Asker: 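Structure provided below as structure tokens; questions to follow.
Computed from a predicted structure; not experimentally measured.
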Amino acid sequence: MKVLVSDNLGEDGIRMFREAPGIDVDVKTGLAPEALKAIIADYDALVIRSATKVTEDLLQAASRLKVVGRAGIGLDNVDIPAATRRGVVVMNTPTGNVVTTAEHAIAMMLALTRNIPTGTASLRDGRWEKKKLQGREIFNKVLGVIGYGKIGAIVADRARGLKMNVIIYDPFVTPDQIQKAGFESVDLGILYQRADYITVHVPKLKNTVGMINKEAFDQMKSGVMVINCARGGIVDESDLYNALVSGKVAGAALDVFETEPPGQSPLITHERVICTPHLGASTREAQTNVAVAVARQIIDFLTAGTVSNAVNMPSVTGEVLEKIGPYLTLADRMGCLQAQLVQGPIKEVVVEFHGDFKELDLSPVSTAVLKGILTPVVKDDVNFVNAHVMAQQRGIKVTETSSAESDYYVNQITVRAITTEMESVVSGTIFGKKDPRIVKINKFRLEMIPHGHMALIQNIDKPGSIGEIGATLGRYNINIGRMQVGQEEEGDRNIIFLTTDTPIPEAVVEEMRHLSLVKTVTPLEF
């Protein structure tokens, strides 16, 4: 496996790649987009920070690429939908620099409050402007935190230690969860009205770009201070400048900008603005943490298939993978079986989990079902990353249910495939620790090993039916490696699964369909 590191990465991470068996690493930083595109086809993994742009154009050239690893949190520079469509896992390292970034926000707030950068510049110019640079206390002031994710939560905790009154707005976190942490949950409008300081900790999304704008500033109290160490563009820079000029905003601390580097900007030169060149994650500890984390994640993925911190598929740890791995195989083959059994376009897939799954995250199992269903249709274009996207593109509704009760087996998965013409039901379980079995197909109970070249035969349950089938295959020198028979719960039919050493030719399949006791013959491939 070949790994390309295209942005600066801590030496500890590079050393981990070099020491990993079966992995070669190249470090080529500062490449122009065309130069990167020219070589990307040679690599299985790409490690980036914020400089490299992973565009759809680049991904189209990356024929071998399996994973993109971002040493850090933000993925503004990665076209995640395009990566997902091409089956490329996109990972980040969400915990490696959270403390560092949170501390930077606190440091910026304190420096802004006490005029530390301005005071330093004043002294260097030979001035002693003690009265002009009078600051304020943060004790007992109200800090409004927008976004209660990993970084926002740390900022809130550190501010509480500084005896600030912390209020939080996050529409994706329940008020109960915020209150349990000891903070007050408020609506955004209330936060604007009450906060002496406002710090932003939300990702850059369509609905967060420009969210701190003129309308927001108009709702804030006069003399508010604004800190943005999240992403450039969340605070509208033009509206912020006007709010500073008017005096509505007493000061701003910025680590990020709409365009980086920002170039000449009146905002940066404003006397009540302090700024740093995107230093939130720039500490020795953070650089080591994210380098080690991204290296470990990519090595685990390339060597063991373990997925960690992926943004476009459920993350699966090695421990969880060990527990659900057999069910991933089972689910994939159940989906593959359904795709070959049904008639008409599939419009809905229902995945039912029955039994004791010990509170496991079963979403990867549902993904495996979809991958299995789509594989016979699109072959290698579908995988565990893009299965949900491809199902959605085909108008397939996916539903997942879970119940602690199971009838015949401790754990059982049932997949219902509903098409425009019919409904097909397949159930499966694991025998022993890792052996997948199909245990029910519609009304037939059986114990089928879903592997190899197979034929599904429905026949009348009378003496001689199996002999007819065996004799027909024998005439064409087709060996039956395994045969499994299931009986209809109510009725006079059997279901037979044959596993043969070679695929059964279509002419032979057609001949078998005309046998006196045979009703249907469906060739299957797993």
Side-chain angles (χ1 to χ4, degrees), residues 305 314 316-342 346 348-376 384 387 398-418 423-458 481-491 493-499 522 524-526:
V316 183
T317 66
E319 180 181 357
V320 172
L321 186 62
E322 184 177 353
K323 293 178 181 178
I324 70 170
Y327 291 101
L328 294 176
T329 302
L330 171 65
D332 181 89
R333 293 179 185 177
M334 289 173 68
C336 185
L337 174 61
Q338 283 284 38
Q340 298 175 82
L341 291 179
V342 297
I346 296 176
E348 184 175 359
V349 174
V350 181
V351 184
E352 303 171 358
F353 298 99
H354 301 277
D356 180 17
F357 283 94
K358 299 179 181 178
E359 300 182 353
L360 290 173
D361 177 10
L362 296 172
S363 55
V365 181
S366 296
T367 303
V369 170
L370 294 179
K371 175 182 176 293
I373 285 174
L374 293 169
T375 294
F384 285 98
V398 182
T399 306
E400 181 181 308
T401 67
S402 183
S403 170
E405 297 181 359
S406 185
D407 49 8
Y408 286 87
Y409 302 94
V410 175
N411 292 322
Q412 181 175 304
I413 301 172
T414 296
V415 177
R416 300 180 183 274
I418 303 165
E423 177 176 343
S424 176
V425 182
V426 171
S427 296
T429 190
I430 298 297
F431 279 17
K433 293 185 177 181
K434 62 179 182 178
D435 296 326
R437 293 289 190 277
I438 305 297
V439 296
K440 189 176 181 181
I441 298 176
N442 296 318
K443 297 180 179 180
F444 295 93
R445 292 195 175 274
L446 70 162
E447 294 178 3
M448 165 197 159
I449 300 172
H451 179 73
H453 312 293
M454 303 189 74
L456 165 61
I457 303 170
Q458 290 191 37
R482 188 168 52 244
M483 177 183 290
Q484 295 156 321
V485 180
Q487 194 167 34
E488 196 173 16
E489 290 178 332
E490 296 179 3
R493 293 190 183 189
N494 280 343
I495 186 171
I496 300 173
F497 274 94
L498 298 176
T499 302
T522 305
L524 303 170
E525 291 289 331
F526 292 94

Asker: Say you draw a straight line from CZ of Phe444 to CG of Asn494; how long is it, rounded to the nearest 0.5 Å?
Answerer: 7.5 Å
Asker: Taking it one step at a time, do Val485 and Ile495 satisfy side-chain contact (heavy atoms from CB on, under 4.5 Å)?
Answerer: CA-CA 6 Å; Val485 180; Ile495 186 171; over 6 Å; no
Asker: Could you tell me which non-hydrogen atom of Ile373 sits nearest to which non-hydrogen atom of Ala339, and how far apart they are?
Answerer: O-CB, 3.2 Å
Asker: Is any side-chain heavy atom of Thr375 less than 4.5 Å from a side-chain heavy atom of Cys336?
Answerer: no
Asker: Supply the atom-to-atom distance Ser403 OG to Phe357 CZ, rounded to the nearest 0.5 angstrom.
Answerer: 10.5 Å
Asker: Can you name the closest pair of heavy atoms from Thr414 and Ser427 and give their distance?
Answerer: OG1-OG, 2.8 Å
Asker: Give me each pair satisfying side chain to side chain donor-acceptor pair (under 3.5 Å) with a member in residues 429-439, each pair once, sequence neighbours excluded.
Answerer: none
Asker: State, with a plain yes or no, whether a side-chain heavy atom of His451 is found less than 4.5 Å away from one of Thr499.
Answerer: no
Asker: What closest approach, in Å, do Ile324 and Asp361 show between heavy atoms, and which atom pair accounts for it?
Answerer: CD1-O, 4.2 Å
Asker: Which heavy atom in Val426 sits nearest to a heavy atom in Met334, and how many Å separate them?
Answerer: O-CE, 3.3 Å
Asker: Any side-chain heavy atom of Leu524 sitting closer than 4.5 Å to one from Phe497?
Answerer: yes
Asker: Can you check whether Ile441 reaches Leu337 side chain to side chain, under 4.5 Å on heavy atoms?
Answerer: yes
Asker: When you compare the side chain of Ile430 with that of Pro436, does any pair of heavy atoms fall below 4.5 Å?
Answerer: yes
Asker: Distance from Arg482 atom CZ to Ile449 atom CD1, nearest 0.5 Å?
Answerer: 4.0 Å
Asker: Report yes if some heavy atom in the side chain of Leu498 is under 4.5 Å from a heavy atom in the side chain of Ile457; otherwise report no.
Answerer: yes
Asker: Report the residues that fulfil side chain to side chain donor-acceptor pair (under 3.5 Å) with Thr329, sequence neighbours left out, ordered by chain and then residue number.
Answerer: none
Asker: Kindly write out the residues that satisfy salt bridge (charged side-chain N to carboxylate O under 4.0 Å, His left out) with Glu447, not counting sequence neighbours, or none if the list is empty.
Answerer: none
Asker: Listed by chain and number, what are the salt bridge (charged side-chain N to carboxylate O under 4.0 Å, His left out) partners of Glu525, not counting sequence neighbours?
Answerer: none
Asker: Could you measure the distance from the CD1 atom of Ile438 to the CG atom of Leu456? Nearest 0.5 Å is fine.
Answerer: 11.5 Å
Asker: Taking the side chain as every heavy atom from C-beta outward, state whether Asn411 and Asp356 have any atom pair closer than 4.5 Å.
Answerer: yes
Asker: Does Tyr409 have any ring pair (Phe, Tyr, Trp, His ring centres under 6.0 Å) partners at least two apart in sequence or in another chain, and if so, which?
Answerer: none
Asker: Among Arg416, Gln338, Gln340, find the residue that satisfies the side-chain hydrogen bond (donor to acceptor under 3.5 Å, both in side chains) test when tested with Ser424.
Answerer: Gln338
Asker: Could you tell me which residues satisfy side chain to side chain donor-acceptor pair (under 3.5 Å) with Thr522, sequence neighbours excluded, listed by chain and number?
Answerer: none
Asker: Closest approach of Pro450 and Arg333, non-hydrogen atoms and distance?
Answerer: O-CD, 3.0 Å
Asker: Check each of Val415, Ile413, Val425, Thr401 against Glu352 using the side chain to side chain contact (heavy atoms under 4.5 Å, CB included) test, and report the only one that passes.
Answerer: Thr401
Asker: So which atom in Asn442 and which in Lys440 form the shortest heavy-atom distance, rounded to 0.1 Å?
Answerer: O-CE, 3.0 Å
